[in-house]
Protein chains: 2
Amino acid sequence: MPPAPQRPAAPAGTAGLPATTARVLDLVASGAVSSRADLVRELGLAASTVSARVQELVDQGLLAEDGEGTSRGGRRPRLLRIPDDGAVALAADLGSHHVRLGAVGLTGGVHDVEEHAANLAEGPAATLGLLVERLRVLAERQRAAGRTVRGLGVGFPGPVDTVTGRVVAPSRMPGWHLFALRDRLAEQLGLPVLVDNDANVMALGEHRTALPSLRHLVLVKAGRGIGSGVISHGQLYRGAGGAAGDISHVRVEAAAERPCSCGNIGCLETVASGAALVAALRERGLPVDGAADVLRLVQDGEPQATTLVRQAGRHIGTVLSVVVNFFNPQAVVLGGALAEAEPLVAAVRGMLYERCLPMATSDLTITASTTGPDAGLLGAGHAALREPAAS
Amino acid sequence: MPPAPQRPAAPAGTAGLPATTARVLDLVASGAVSSRADLVRELGLAASTVSARVQELVDQGLLAEDGEGTSRGGRRPRLLRIPDDGAVALAADLGSHHVRLGAVGLTGGVHDVEEHAANLAEGPAATLGLLVERLRVLAERQRAAGRTVRGLGVGFPGPVDTVTGRVVAPSRMPGWHLFALRDRLAEQLGLPVLVDNDANVMALGEHRTALPSLRHLVLVKAGRGIGSGVISHGQLYRGAGGAAGDISHVRVEAAAERPCSCGNIGCLETVASGAALVAALRERGLPVDGAADVLRLVQDGEPQATTLVRQAGRHIGTVLSVVVNFFNPQAVVLGGALAEAEPLVAAVRGMLYERCLPMATSDLTITASTTGPDAGLLGAGHAALREPAAS
DNA sequence: GCTCTTCCTTCGGATGCCGAAGAAAGAGCG
DNA sequence: CGCTCTTTCTTCGGCATCCGAAGGAAGAGC
């Protein structure tokens, strides 16, 4: 018996492309290459292979030739470009207190970004209502602008079983455990949906749009919570049980016996997360309500906030130093609201250079996310455009 | 210009087998499978593919049919076995104060193991002399026993550039920096040689002989020093610069400001390595000279030694808890001399179960090496038998 | 003795890669 | 201006690895 079709006949698109073909698209979309010869150099494949892959993509309309470039002493290269024919994926980046939405195109652009307050702790029902409503409007707007909507990618701030598309035991968010987020959204929107952890989609976004040539990188999302996404051998690394990338529930000295939402004590999260900083600043009488407020105070030069954020960076750096020695990545990328605070980035850098082995840091890039607040949307959208649709 | 032949014409052997073919051999050698049908189930490949691969191997004499098994309700399977035709690789496991040698066969057996005292700190010349002398005798003995020597695998207790086969900046071993260990040995023995870090070869040994079906595991070698080898997606993970797997130079609270051989302070190594335990026990007036002596004291129930070893296990467990949350492996395997001390294993287990996320430990195996002191030899030998010879 | 299961092989075909050869189109130089 | 060298890209034949369909061989169970 063939599996029941879970979704309306998906438009033939980028979904389910072979690995090499997808890499060609990513490299062109990111601007890292602009001709077949560039691809040969970047991919290390035979020219004939690259030529064949490019031809396929051109035939499918996923890639277009766009005039000629400048000669480097021989024949001029024929430039390649992603035709912005309007294929987009909707993308949703869920946070514990907000949802950010947008439509991501093949070229890596994000259209019609919007952000709404939402409290995920109130359970799936309320959030889902808002989400579906806004996504329908967003989809309609894309179609009105002549763009085809190919799917939806969602980043969720907690563990996700990517095989079933269900949320797994998120802390501080009662009612979400085993909620079939993917299937509910797919039903209500009539689109193929992909759901993954927020740090994972952010790692994908950074890797695919900013650093596609790197093989091993760690993205740390420092917002209200702390998460990380791992790219290994150019691919998202999930570990044995899909739980890889947690650095939030590691015990740090400074957190002593503070109880954590995970049920343990002394976790990094209790001293270095946005939520912890908000609590600490409120105790000191400062009017803050979220990680964004903390960031604002830091940017205004408020001394207590700056000290706390720098201290948080040190704690994160302490934990990351173990990760860097062990995993030896090419880059550590800091994302999330707090990564926009320079003192945090500086503290992480300092800690890593002080504590890690020279062999691990000599070729290590440590940087704040270059794609800013849209990194999660980009990753979720890209993944939805590229992955086999039903996953 | 073709590359100059670096070594005498290598005998056609298992060297440089395609990945799938090598996996077939590993699975049969480890006893995990015993028929083509088993291979189909284990590898998830089409029966026709498995059949073709097996046929190739049988034709090459690397695999043999060995009668029939018992029926499971249909035709009896034709059993497969590795013919012990006597193809072996020499293997050398170098420690800072000893070298262990043996010959590893395709079936996973180790012949003629011997161990000699040697002080690597005296520089490469002295060690190399002993090594080459003993290896020549060992090779001769293999040939006299009718076995073919196909190569040499070496585990070195420090960083190794596996591309060039050179030692890189090992601490406490002056004279070894950039020493071309692989090429020197290859010249003097006339064999293809493979050199890698000792923890890496040990991880390979454990993975290939005991746990070949696992995709992600971490092996910790706790001997005089502390190292780790990482298997990710079934393959050795080296990281961006080949430095992956270090857990020894992570700062731990209890080590305070103790200076470490790496030039930093407060490293795990200064409180949990065999060298550190030896120093601590000597300070207390106990006559110990190496990790083996420490182990003996523990097994004799000496209280101070037991306390120290348990404490060392806690420190190692503390660092490993970060690794387990981040990397989410299927197994943590403890090897090296100290792993034979039950209190250390128990302490690591306790620490991991206490500190890690339930999601990371629910399906995690934490165990001492099942291959014992020969794990390193097995890994080095296996690697030498399987890898493209000149690497 | 019949059917169903299990094990394994044979055959044709798809995919993805490669290298050799060469065509197209420029730069540089005498 | 014409010649050569460089760069870019395509065409073509070939190889390696995998697949699925079909079927043969040999058992268990009724």
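Values below: every heavy atom of this structure, side chains too, minus hydrogens, waters and symmetry copies. Residue numbers start from 1 in every chain, and the chains themselves are labelled A, B, ... in the order their sequence lines are given, proteins ahead of strands.
Taking a 4.0 Å limit (strictly below) on heavy-atom distances, residues 30-43 of chain A reaches DNA chain D at S35(A), R36(A), A37(A), R41(A). The stretch residues 63-73 of chain A comes close to DNA chain D through R72(A), G73(A), each having a heavy atom under 4.0 Å from the strand.
Within the 4.5 Å cutoff, side-chain heavy atoms of H207(A) are placed close to those of L217(A). In this structure the side chain of V54(A) reaches within 4.5 angstrom of the side chain of L39(A), judged on heavy atoms. A heavy-atom distance below 4.5 Å is found between the side chains of E206(A) and T370(A). The shortest side-chain heavy-atom distance between V33(B) and L80(B) does not fall under the 4.5 Å cut-off. Using a 4.5 Å cut-off on side-chain heavy atoms (C-beta onward), V50(A) and V24(A) make no contact. Side-chain contact between R208(B) and T371(B): absent, with no pair of heavy atoms (C-beta onward) separated by less than 4.5 Å. Side-chain contact between Q330(B) and L364(B): absent, with no pair of heavy atoms (C-beta onward) separated by less than 4.5 Å. Considering only heavy atoms from C-beta on, V160(A) stays 4.5 Å or farther from R182(A) through its side chain.
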Taking only N/O atoms, report every protein-nucleotides 13-20 of chain C pair under 3.5 Å with atom names and distance.
| from | atom 1 | to | atom 2 | distance (Å) |
| --- | --- | --- | --- | --- |
| dC17(C) | OP1 | T20(A) | OG1 | 2.5 |
| dC17(C) | OP2 | R53(A) | NE | 3.0 |
| dC17(C) | OP2 | R53(A) | NH2 | 3.4 |
| dC18(C) | OP2 | A46(A) | N | 2.7 |
| dC18(C) | OP2 | T49(A) | OG1 | 2.9 |
| dG19(C) | N7 | S48(A) | OG | 3.4 |
| dG19(C) | O6 | S48(A) | OG | 2.6 |

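Here dT17(D) presents its P atom at 11 Å from CG of L57(B), a figure rounded to the nearest Å. Atoms CZ (R75(A)) and C1' (dT6(D)) sit 13 Å apart, rounded to a whole Å. One can place CD of Q55(A) at 12 Å from P of dC9(D), the figure rounded to the nearest angstrom. For the pair L80(A) CG and dT8(D) P, the interatomic distance rounds to 12 Å; values are reported in whole Å.
Here L27(B) contributes atom CG and D38(B) contributes atom CG; the two are 9.5 Å apart, rounded to the nearest 0.5 Å.
Summary of the strand contacts: G74(B) and L79(B) both lie near DNA chain C, and taking for each the nucleotide with the nearest heavy atom, the more 5' one is attributed to G74(B).
Other residues, nucleotides and ligands place more than 12 heavy atoms under 6.0 Å from the CD atom of E68(A).
Residue-to-nucleotide contacts include no donor-acceptor pair under 3.5 Å from the side chain of R76(B) to the base of dA26(D).
Relative ring orientation between F327(A) and Y237(B) is described as parallel, the plane-to-plane angle staying below 30° on a 0-90° scale split at 30° and 60°.
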